[in-house]
A.B. asks: 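One structure, as structure tokens, below. Some questions next.
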Amino acid sequence: MDEDAWSIPDSDQGQEAKEKEEVSSAEEENVAQDDAGRSETWRAHWKYLYETLIRETLEAKTQTATWVPGMSCKGDLREARILTGSVGERKQHYLTGYKVILPSREDFDWRIDISETTGELGGYNVGPTIKVEPEFRLYHEGPVSAMRLWACNPSIIVTRSAESKKVMIFNSAKQEWAKKKPTVADRTALQIDETTEVPHLAAKRSMAVQQEARAKEWNNHTGECKPDLILEGLTSHGDALDVSNCEEGIVASGSLDGTVMLWKLNDAVKGQHSINRMNMMNPSEDEVRFVKFNPQQSTMLLGGGDNTTMWLADSRGAKAMLPLKPKTLSGDLNTAEWNLNIPTMFAVGDSTGAVSIIDIRSPSSPLHRLVGHTSDVYSVAWCPHQPSVLASGSTDMNVCLWDLRGRDAGCHPASAGVGSAPPPPKELFFKHVGHVNEIGCISWIHDEELRGMIASVDMDPEEPTLQIWRPRNNFWVDC
């Protein structure tokens, strides 16, 4: 038979390609419409869901954000700080400190206005007492793929870039921070031309020009990265990083080749710019995606990554490793976090969208398997004020709040199911859907007075946002 009889005519191939392109375009349009509808629905109801909600557009995409311990009081206001690190394609990367001005908890119910324009609590920072603004910047070599603060001395910042084979240590108390971004007071200190017929319009135009020029200068400014200490000895790239809360300051970092390196910050000699690793572990040949020190047993190290690989080790001995093989885990393990109040319990997020709660005393059978996301979970964080509550962030753009005690069906704040939709998991008590791109990081505030407040960042390539929020009191149980 002629081979040409089996071939597809060029006209048919072109028609098939056109149809595929139309289908792909229609699917993208449907996704965009779903996202728009999702956002509109959330906006219509947020004033009933949140005690406070603040949204700040970041100057650079980030996958790291953490509240800095310690908060100052100025009358009935509270001043806190959040530290972030830039990622993505940029000429200059940096750490940025944001100052957050909040009212005290007792003032929340009546001091926060609802914006008439957006209907949001705090009015997207328009409220009289809520404010988020970049305050200082520290230049960094390469994108900041991981960042930790040393609990014994929060001014010590430990970072790693996935593009380099070194860990950098910055002492924020000694660093020369980049020039602070001009404040509102700086911007209004302008010269007004008295000969102008309408001085206030001239002032507005002048203010806008100067504000744009200063913002451009701030965003485009470059500088030299000057870490106080460099930890050397890494054999591959990666971004798994943690620092123990012991006085020795043990730093652990895992890489793509399956190795984990350990250093002691106290090994640094005055005047010395770098130190070599004190130990190396090679628990498996799989990529190490996370390493986490136990908050109460500071030499116990949890690690894991690809192919559901997970293990425990003692940082004092490279060969003292115990493999963990929970039966119900599947996919790759992306992140894990120890419970801050129960030293034997930790949460692990995987590529299937599930969060598993595991006790090391019986690791083969997880205590809970929390299913509320539809794609990879890359961030989990336990509430510091309630041992049974944790948050999880996913590439599905949602942040879920869980309470392991569960909620009775009759008092569950979420819907019991619409139509044929199944009811939510009994542990799920709140879902934050305010982001429009995958979640980069989530962090609970440490301060007792503002307990329950969360900072979350998304990785939108055009307008990455930092959102600071707390659900209303009726969602909480003893928290």
A.B. asks: Are Val291 and Leu301 close enough, and set up right, to give a side chain to side chain contact (heavy atoms under 4.5 Å, CB included), and what steps lead you there?
C.D. replies: CA-CA 7 Å; Val291 285; Leu301 182 66; 4.0 Å; yes

A.B. asks: Just to verify, what does Asn153 make a side chain to side chain donor-acceptor pair (under 3.5 Å) with, not counting sequence neighbours?
C.D. replies: Ser155

A.B. asks: Can you find a side-chain donor-acceptor pair between Ser375 and Asp396 that sits under 3.5 Å?
C.D. replies: no

A.B. asks: Before accepting this row, confirm whether a basic side-chain N of the pair Glu59/Arg137 lies closer than 4.0 Å to the acidic partner's carboxylate O.
C.D. replies: yes

A.B. asks: Salt bridge check, Asp242 against Lys292: does any charged N sit closer than 4.0 Å to a carboxylate O?
C.D. replies: no

A.B. asks: So does Asp460 pair up with Lys61, basic N to acidic O under 4.0 Å?
C.D. replies: no

A.B. asks: Examine the side chains of Asp458 and Thr465 and answer whether a donor and an acceptor come within less than 3.5 Å of each other.
C.D. replies: yes

A.B. asks: Phe170 vs His140 aromatic rings, parallel, tilted or perpendicular, using cut-offs 30° and 60°?
C.D. replies: tilted

A.B. asks: Distance alone, cut at 3.5 Å: any donor-acceptor contact between the side chains of Ser388 and Asp403?
C.D. replies: yes

A.B. asks: Just checking, any donor-acceptor pair under 3.5 angstrom between side chains of Asp257 and Thr259?
C.D. replies: yes

A.B. asks: If you measure only the distance, is there a donor-acceptor pair under 3.5 Å linking the side chains of Gln175 and Asp228?
C.D. replies: yes

A.B. asks: Verify, without hydrogens or angle tests, whether Ser145 (side chain) and Ala162 (backbone) share a donor-acceptor contact under 3.5 angstrom.
C.D. replies: yes

A.B. asks: Answer yes or no: does atom CD of Glu463 have more than 12 heavy-atom neighbours from other residues, nucleotides or ligands under 6.0 Å?
C.D. replies: no

A.B. asks: With a 3.5 Å cut-off and no angle check, do the side chains of Ser255 and Arg160 form a donor-acceptor pair?
C.D. replies: yes

A.B. asks: Are more than 12 heavy atoms from other residues, nucleotides or ligands located less than 6.0 Å from atom CD of Glu232?
C.D. replies: yes

A.B. asks: Looking only at the side chains, is there a donor atom on one of His368 and Ser356 sitting less than 3.5 Å from an acceptor on the other?
C.D. replies: no

A.B. asks: Could you verify whether a donor N or O on one side chain and an acceptor N or O on the other, from Asp286 and Asn307, lie under 3.5 Å apart?
C.D. replies: yes

A.B. asks: Between Tyr50 and Trp469, what is the ring plane arrangement, given parallel below 30°, perpendicular above 60°, and tilted in between?
C.D. replies: perpendicular

A.B. asks: Do the charged groups of Lys91 and Glu89 touch, with an N to O distance under 4.0 Å?
C.D. replies: no

A.B. asks: Between Phe475 and Phe429, does the ring centre distance come in under 6.0 Å?
C.D. replies: no

A.B. asks: List the steps and the verdict of side chain to side chain contact (heavy atoms under 4.5 Å, CB included) for Val348 and Val355.
C.D. replies: CA-CA 6 Å; Val348 58; Val355 178; over 6 Å; no

